Protein chains: 2
Amino acid sequence: MPSNSAPRAYQVVLDAIENDLRSGKLELGSQLPGERALAEQYGISRASVRDAIRILDVMGVVRTSTGSGPNSGAVVISNPAAGISQALRLHVAAKGIEVAEIVESRILLETWAAQMQPRDPRYAQQVIARTAVLIMRMDDPELSREEFHRIDAEFHVLLASMSGNAVVATMMESLRNAISDYVSAAITDDETWQSVVKILRRQHKAIHHAYANGHRERAAQLLEEHITWFYGQTH
Amino acid sequence: MPSNSAPRAYQVVLDAIENDLRSGKLELGSQLPGERALAEQYGISRASVRDAIRILDVMGVVRTSTGSGPNSGAVVISNPAAGISQALRLHVAAKGIEVAEIVESRILLETWAAQMQPRDPRYAQQVIARTAVLIMRMDDPELSREEFHRIDAEFHVLLASMSGNAVVATMMESLRNAISDYVSAAITDDETWQSVVKILRRQHKAIHHAYANGHRERAAQLLEEHITWFYGQTH
DNA sequence: GATCTAGCATGGTCTGACCACACACCGAAA
DNA sequence: TTTCGGTGTGTGGTCAGACCATGCTAGATC
């Protein structure tokens with residue numbers, strides 16, 4: 001009973017890779033050794049190696065692709081929102097998390113980010129400029145609803161990234177991703193959507209205006225109203 | 001060129017299970033069909049089915065065990081912190097996330113939770129009582145450092161859960177888990193640790209006192225100082 | 001009726017094979 | 001020499017089939 005058994009085989013590889021990442025032996029853009037090589041190196045089967053790599057894949061730590069060359073195999077990336085979004089999605093489906101809680105959390109993070117003094121004023125200026133472009137693109141009446149949501153998400157994430165805290169921006173993005181299916185499913189009527197999108201555009205512009213003029217408190221307030229209003233439409 | 005190919009085989013099972021969770025066909029405590037059965041059902045190999053289940057496993061959505069009977073196989077649970085903690089850990093290792101950002105986020109979430117009016121006063125009372133017990137257990141001088149950290153984590157999570165928002169509590173717990181190795185590694189000297197733990201106990205008691213008397217602003221302030229001070233010790 | 005035992009289905013692991021893909025190399029044509 | 005096209009080779013993705021330790025369960029035993 002002391003030493004519990006069952007040390008999963010894939011865990012060995014996973015730990016080793018995590019250590020290599022920590023020590024810098026592996027860094028962004030690095031290629032992992034091939035699966036067959038890792039299997040031999042750690043004395044386990046290729047199937048178990050694949051387990052470890054699959055986990056790194058869904059967690060957004062590596063990207064895998066077939067073929068040969070520098071872009072093939074498992075390459076280290078860092079897309080934290082991928083794994084966290086997936087986890088939240090699943091737990092919402094499993095009823096372990098309620099949508100209302102996610103919305104509340106999103107408001108918390110986004111208003112906090114809005115009120116933060118930007119760490120890097122130059123970056124903040126870039127964000128203001130880039131979000132202005134996004135707003136223009138969202139004005140396109142030809143835009144598909146899916147595409148609108150994609151740009152909308154980018155808009156919010158960019159603004160949150162101004163705070164300089166990548167974790168907050170990541171969690172925010174993940175929270176949004178986790179429930180994006182729900183909001184899409186809630187508004188099926190195209191006519192309703194057309195009237196909703198008009199208001200969304202107006203709200204985005206007001207938020208952007210507040211950000212651009214440094215009215216952080218105002219921006220936070222507008223954001224809260226924006227998010228609350230939108231999710232109110234899905235009930 | 002239009003219909004991009006490469007629909008991962010495991011994705012089929014994953015989506016199906018997610019839908020079953022959403023529709024309620026699968027709920028907490030349900031047993032998934034056996035891997036061999038799922039493989040036949042979806043016309044894919046057992047290896048691919050295992051990929052899907054492995055993902056659900058690391059995400060904290062199911063728990064797997066060998067043998068037969070009602071407790072065997074893949075059983076639906078919901079432990080959101082598992083997957084999120086793992087994701088954050090890996091991305092910290094991959095240098096995609098900095099520890100300082102995690103600490104900042106943790107302070108944000110925890111102080112927010114402290115300032116929230118508890119949704120359920122009776123539950124709040126229970127938390128006050130249970131955290132009091134935890135504080136007493138942390139007074140035990142025989143306690144191993146590992147055990148201390150475990151109880152410490154439970155203390156913080158319980159307090160945050162008073163807010164009634166499970167997402168915030170989960171993210172908080174995950175943030176803490178993701179960097180717990182770092183703080184453990186930072187203080188190696190046992191003598192230093194002994195003096196640190198004395199202060200931690202004092203801080204915990206002050207925080208608990210503020211909570212118990214409904215001084216939420218004060219509790220939030222103490223929490224921020226507590227967390228900031230502790231991570232300051234690791235530099 | 002209580003206890004033991006053999007059977008059986010489970011996930012965990014391994015082996016070995018085949019496929020589609022993408023780059024790298026090299027020879028042929030300009 | 002330069003360019004173009006084919007092919008070789010190694011990659012991850014998938015599959016099939018096998019064996020193991022585990023834990024329940026039903027039947028045999030007492």
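Throughout, a chain's letter reflects where its sequence line sits, starting with A, and its residues are numbered from 1. Everything numeric here is computed off the predicted structure, so don't read it as measured data.
- Judged by distance alone, the side chains of B:Arg22 and A:Tyr182 do bring a donor and an acceptor atom under 3.5 Å apart.
- No engagement by A:Ile53 is indicated, since no non-hydrogen atom pair under 4.0 Å with the nucleic acid exists.
- Base-pairing analysis of DNA chain D finds the following stems of at least three consecutive Watson-Crick or G-U pairs, with both pairing distances under 3.5 Å: C:1-30 with D:1-30.
- As judged by a 4.0 angstrom heavy-atom cut-off over every strand, A:Gly67 is placed among the base-contacting residues.
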Quiz item: How far apart are the C-alpha atoms of B:Arg150 and B:Glu173, what are their side-chain angles, what is the distance that settles it, and do they pass the salt bridge (charged side-chain N to carboxylate O under 4.0 Å, His left out) test?
Solution: CA-CA 11 Å; B:Arg150 223 185 46 73; B:Glu173 181 181 358; over 6 Å; no
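- Taking 4.0 angstrom as the limit, A:Ser48 places a side-chain polar atom (N or O) nearer than this to OP1 or OP2 of C:dC14.
- A donor-acceptor contact under 3.5 angstrom links the side-chain atoms of B:Ser68 to the base of D:dG23.
- Distance from the side chain of A:Ala47 is smallest for C:dT15 among the nucleotides C:dG12, C:dT15, D:dA16.
- OP1 and OP2 of C:dG11 both lie 4.0 Å or more from every side-chain N or O belonging to B:Ser72.
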Measure all distances between protein nitrogen or oxygen atoms and nitrogen or oxygen atoms of nucleotides 16-19 of chain C, and list the pairs falling under 3.5 Å.
unit_1, atom_1, unit_2, atom_2, d
C:dA17, N6, A:Arg46, NH1, 3.2

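- In the set C:dC14, C:dC23, D:dG13, the nucleotide with an atom closest to the side chain of A:Thr66 is D:dG13.
- Atoms CG (B:Asp57) and P (C:dG11) sit 12 Å apart, rounded to a whole Å.
- Using the six-membered ring where Trp is involved, A:His208 and A:Phe155 have ring planes that are tilted, between 30° and 60° apart.
- Ion pairing between A:Asp57 and A:Arg63 fails under the 4.0 Å rule for side-chain N and carboxylate O.
- Between B:Trp193 and B:His149, the ring-plane angle classifies as tilted under the 30° and 60° cut-offs.
- Sorted by first and then second residue, the side chain to side chain donor-acceptor pair (under 3.5 Å) pairs with a member in residues 30-40 of chain B read B:Glu35-B:Arg46, B:Glu35-B:Arg50; sequence neighbours excluded.
- Counting non-hydrogen atoms under 4.0 angstrom, A:Arg54 reaches the backbone sugars and phosphates but no base.
- In this structure, OH of B:Tyr10 is placed 8 Å from P of D:dT14, rounded to the nearest angstrom.
- A straight line from CD1 of B:Ile44 to C1' of D:dG13 spans 12 Å, rounded to a whole angstrom.
- Remark: A:Arg50 is not in phosphate contact with D:dG12, judged by side-chain N or O atoms under 4.0 Å from OP1 or OP2.
- B:Arg176 has a carboxylate O that lies under 4.0 Å from a charged side-chain N of B:Asp152, or vice versa, which qualifies the two as a salt bridge.
- The existence of a salt bridge linking B:Glu27 and A:Lys95 is excluded, since no basic side-chain nitrogen approaches an acidic carboxylate oxygen closer than 4.0 Å.
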Report task. Could you walk me through whether B:Asp190 and B:Arg145 pass salt bridge (charged side-chain N to carboxylate O under 4.0 Å, His left out), step by step? Result -> CA-CA 10 Å; B:Asp190 188 64; B:Arg145 196 172 148 187; over 6 Å; no
